[in-house]
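We're numbering straight along the sequence, starting at 1. Indexing begins at 1, ligand by ligand and atom by atom, following the structure's order.
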Amino acid sequence: MNTIKSYIEAHKNRFIDELIELLKIPSISADPAYTQDVIDTSTAVKASLEKAGCDHVEICETPGYPIVYGHKHISDDLPTVLVYGHYDVQPPDPLDLWESGPFEPIIKKTDIHPEGAIFARGACDDKGQMYMHVKALELMNETDQLPCNVKFMIEGEEEVGSESLAWFVERNQEKLANDVILISDTGMISNTQPSITTGLRGLSYVEVEVTGPNRDLHSGLYGGAVANPINILAKMIASLHDENNHITIPGFYDKVEELSKEERAEMAKAPFSLEEYKNALDIDAVYGEASYTTNERNSIRPTLDVNGIWGGYTGEGAKTVIASKAYAKISMRLVPNQEWREITELFKTHFENIVPEGATVKVTPHHGGQGYVTPIDSIGYKAASKAYEDTFGKTPIPQRSGGSIPIVSLFEKELKSKTILMGFGLDSDAIHSPNEHFGIFNYLKGIETIPLFYKYFTELSK
Ligand code: BES
Ligand code: MN
Ligand code: MN
């Protein structure tokens, strides 16, 4: 057995126990009730980096939650890898759908994870995947095989838009200087077919409010005679897609990059079973934009989805009422070249244009970010590919993901370096959902693969 494997074998129980401790802290960045827990998590991450062998670790204050920064410098002549991850998590609700407490991690076996998986909010996104890097550093340090310089930057606001991180990166270009950025905050195809994420979608997130009459009304006395904001909002939203499920906002597709036939054919080679996809979700058919496949719809095509909608009476029983207001939260996933602020403006103008007489609409933009694509001929990609080949015995497939990590395009702009997305999660790990989990196999495979990335990246950089 090589030193990487034997170190993991000897320490894996502790690696799992340490992650479980981290998962017990409810670091929910979206909810101010958990402020202290988010801060406590940053302290725990700092301590873990010190223990893993960083020369220097600090908590960097920002206008929002702190960023944990650490480094180990070996030589000015060697390349520097900057590891990014996030220690904040999504809110766990709906709580009643969790089979065990979201912050009471337990290990359970599943069909996909026969070796067991850790169930907890943040297990996969991103505490588990971030902590693989901390343990990989410990491993390289303890076995004297850290081949280059390393920097860590772990933030606490990724799930709410990374505003403070953008602030931090703009002010610390020199401190963060690096040759490649390494992130594990995405997924791979399956435990027998690794893949490397080569693209992320951008995002524009808006909230809309439709107002009708100045107060809630009796739906018998007034019904039929005034604009009902909920009816109006439903109609407006429905009109945002046409019969082919194309988005109807004027200009929305203007900058969308169309992939060539060859590129689409290459994409279609990735293993995918539509039957299994439907079965896993209990749906009898997939749905989406005409003339694109499921894998295209969820990666290279932009989308518009309502994420929440409310208004009127939603309590027990029935109440006859026409509400004064109706609301929705809407996300648009964007593809490279679409500029998220421009798309937000196009949405706002269009939505304000289509509101009928008798109602008014207010559009409030939330956060957003640019999409990202990375080439597969870079040293970073090649190093990652070789690392997976060694540990999985298979060449990883490059694949564009539908998710967003908006800060990645900012890294490229501010730090002028490429990001390599070495994800070890699976789509079935239920990130952002009840019963989120992360396979023990995946966690340990990550710890095994990461040191090989460092090795090959350093070798290929010479
Ligand atoms: N780690 C995810 C993004 C992700 C997951 C990308 C799986 C690719 C595969 C990240 O934490 C996330 O949830 N991002 C948000 C955007 C953010 C601005 C809130 C998202 O994609 O909804
Ligand atoms: Mn994440
Ligand atoms: Mn997330």
Side-chain angles (χ1 to χ4, degrees), residues 23 27-31 38 41 64-65 83-93 102 120-133 153-166 182-190 194-207 295 298-300 302-308 329-335 340-341 343-344 365-374 398-411 419-434 436-438 442 446:
L23 289 168
S27 50
I28 308 165
S29 50
D31 188 343
V38 181
T41 309
Y65 285 122
V83 175
Y84 161 82
H86 62 96
Y87 64 81
D88 64 321
V89 302
Q90 285 276 326
D93 57 278
R121 170 57 85 234
C124 176
D125 183 13
D126 181 42
K127 283 177 178 164
Q129 296 213 70
M130 175 273 287
Y131 208 65
M132 296 181 316
H133 288 270
M153 174 171 62
I154 313 295
E155 71 151 320
E157 286 178 28
E158 196 276 343
E159 299 292 7
V160 290
S162 299
E163 245 176 73
S164 300
L165 185 71
L182 184 59
I183 305 181
S184 295
D185 194 21
T186 53
M188 57 178 186
I189 293 174
S190 76
S195 54
I196 297 175
T197 302
T198 51
L200 294 163
R201 285 196 285 194
L203 180 71
S204 162
Y205 201 104
V206 297
E207 188 162 330
N295 274 338
N298 68 24
S299 65
I300 59 164
T303 63
L304 182 152
D305 277 294
V306 179
N307 291 235
K329 291 184 193 276
I330 296 173
S331 70
M332 287 164 276
R333 295 284 167 172
L334 310 176
V335 297
W340 75 272
R341 286 190 179 85
I343 294 292
T344 304
H366 281 259
H367 53 257
Q370 290 301 107
Y372 184 71
V373 272
T374 187
Q399 202 172 48
R400 277 165 69 167
S401 168
S404 308
I405 310 177
I407 205 69
V408 171
S409 65
L410 191 103
F411 287 157
T419 292
I420 301 299
L421 297 156
M422 284 178 76
F424 293 89
L426 300 180
D427 283 355
S428 55
D429 286 346
I431 63 171
H432 293 207
S433 299
E436 174 177 353
H437 55 280
F438 190 36
N442 304 67

For H86, atoms of ligand 1 separated by under 4.0 Å from a heavy atom: 11 (O)

Can you figure out which of Q129, R201, R333 has its heavy atom closest to atom 21 (O) of ligand 1? R333

Determine yes or no for a side-chain-to-main-chain donor-acceptor pair under 3.5 angstrom, with Y372 supplying the side chain and T419 the backbone. yes

Among all the protein's non-hydrogen atoms, which is closest to atom 15 (C) of ligand 1, and how far away is it? S404 O, 3.6 Å

I'd like to know whether CD of E207 has more than 12 heavy-atom contacts from other residues, nucleotides or ligands below 6.0 angstrom. yes

What protein N/O/S atoms are there under 2.8 Å from the Mn ion (ligand 3), waters excluded? D125 OD2, E159 OE1, E159 OE2, H432 NE2

Any donor-acceptor N or O pair under 3.5 Å, side chains E155, S162: yes

Without swapping roles, check the side chain of R201 against the backbone of G402 for a donor-acceptor pair under 3.5 Å. yes

For atom 19 (C) of ligand 1, the protein heavy atom that lies nearest, with its residue and separation: E159 O, 3.5 Å

Could you tell me, atom by atom, which parts of ligand 1 come under 4.0 Å of a heavy atom of P406? 18 (C)

Where does D125 meet ligand 1, judged by heavy-atom distances below 4.0 Å: at the side chain, the backbone, both, or neither? side chain

Evaluate H367 for polar contact with ligand 1, using N/O atom pairs at a separation under 3.5 Å. no

Can you tell me the protein heavy atom closest to atom 8 (C) of ligand 1 and the distance? S401 OG, 3.0 Å

Do Q90 and ligand 1 have an N or O pair less than 3.5 Å apart? no

Using a 3.5 Å distance criterion without hydrogens, assess whether the side chain of S401 forms a donor-acceptor pair with backbone atoms of G403. yes

Which residue and non-hydrogen atom of the protein lie closest to atom 6 (C) of ligand 1, and at what distance in Å? G403 CA, 3.7 Å

Has the side chain of D126 got a donor or acceptor atom that lies under 3.5 Å from a matching backbone atom of G85? no

